[in-house]
Amino acid sequence: MKIITDPAVYDYQAEKGLLITLDDFRSTPSLAKSLRRKVNRHLAKAINYRDYYIDLHNSGEATFRQCTAMESWKERAISLKSFDTTLSEVEKLLDLK
């Protein structure tokens, strides 16, 4: 595992990243599962808040601040879902070997 700066992965340029090799995940088999559980908890929270603010917005009673919060929770839910998908793929790769 190492911290890398200015990684270019799938044409996405990031400032900093954390590279965890599959060998590191294999040496700690419960790490991916515990990370995925924690991500799923945060994802459920983000979805609940997103849905709450969407309901307010759809009823026409949302303030500007609540609409901003709705967009923020939407983005967070999308990001967490992507991270969950990646962790799922890592678990599948670990199960193959």
Side-chain angles (χ1 to χ4, degrees):
M1 176 176 3
K2 70 184 220 178
I3 297 173
I4 51 178
T5 56
D6 295 328
V9 180
Y10 302 116
D11 295 328
Y12 174 76
Q13 193 68 28
E15 293 177 18
K16 283 189 178 179
L18 179 64
L19 174 68
I20 303 175
T21 63
L22 287 178
D23 289 336
D24 290 342
F25 271 116
R26 284 189 189 104
S27 65
T28 55
S30 63
L31 179 62
K33 289 179 184 177
S34 65
L35 280 173
R36 191 160 181 219
R37 276 194 304 269
K38 189 159 193 157
V39 166
N40 281 328
R41 281 196 305 269
H42 286 279
L43 177 59
K45 178 181 177 181
I47 288 171
N48 285 336
Y49 276 111
R50 180 201 65 190
D51 291 346
Y52 170 75
Y53 287 118
I54 286 174
D55 288 343
L56 277 177
H57 177 73
N58 289 342
S59 70
E61 298 178 11
T63 64
F64 178 76
R65 193 172 187 175
Q66 289 168 330
C67 289
T68 303
M70 176 184 68
E71 292 302 320
S72 175
W73 284 109
K74 277 183 184 178
E75 291 172 10
R76 187 167 183 178
I78 290 169
S79 176
L80 288 168
K81 181 64 180 165
S82 174
F83 194 41
D84 179 56
T85 303
T86 301
L87 287 172
S88 172
E89 292 173 9
V90 167
E91 284 181 341
K92 287 178 187 173
L93 283 173
L94 292 175
D95 287 341
L96 290 177
K97 296 190 179 192

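- Annotation: the span from S34 atom OG to R37 atom CZ amounts to 6.0 Å, rounded to 0.5 Å.
- Scanning both residues, R36 and D84, for their nearest heavy atoms gives NE-OD1, 2.8 Å.
- Distance check, rounded to the nearest 0.5 Å: OG1 of T86 to CG of L35 gives 11.5 Å.
- In terms of modelled atom types and a separation under 3.5 Å, the side chain of T85 and the main chain of K81 share a donor-acceptor contact.
- A continuous path of hydrophobic side-chain contacts links L31 to L80 [ILVMFWY only; heavy atoms under 4.5 Å].
- In the hydrophobic clustering of this structure, I78 does not group with Y53; members are Ile, Leu, Val, Met, Phe, Trp, Tyr whose side-chain heavy atoms approach within less than 4.5 Å, directly or through other members.
- Using modelled atom types, one finds a donor on one side chain and an acceptor on the other under 3.5 Å when comparing D24 with T21.
- Nearest approach of I47 to A77, heavy atoms of both residues: CG1-CB, 4.3 Å.
- By the 4.5 Å heavy-atom criterion applied to side chains, K45 and R41 are not counted as neighbours.
- Using a 4.5 Å cut-off between side-chain heavy atoms of Ile, Leu, Val, Met, Phe, Trp and Tyr, with links allowed through other members, W73 and F83 fall into different hydrophobic clusters.
- Residues passing the side chain to side chain contact (heavy atoms under 4.5 Å, CB included) test with Y52, sequence neighbours excluded: L56.
- Counting all heavy atoms, side chain and backbone alike, L94 lies closest to R26 at CD2-CG, 3.4 Å.
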Could you pull out every donor-acceptor pair under 3.5 Å between side chains of residues 65-72 and any protein atom, sequence neighbours left out?
{"from": "Q66", "atom 1": "OE1", "to": "T63", "atom 2": "N", "distance (Å)": "2.8"}
{"from": "Q66", "atom 1": "OE1", "to": "T63", "atom 2": "OG1", "distance (Å)": "3.4"}
{"from": "T68", "atom 1": "OG1", "to": "F64", "atom 2": "O", "distance (Å)": "3.0"}

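- For the pair R76 and H42, the minimum side-chain heavy-atom distance is below 4.5 Å.
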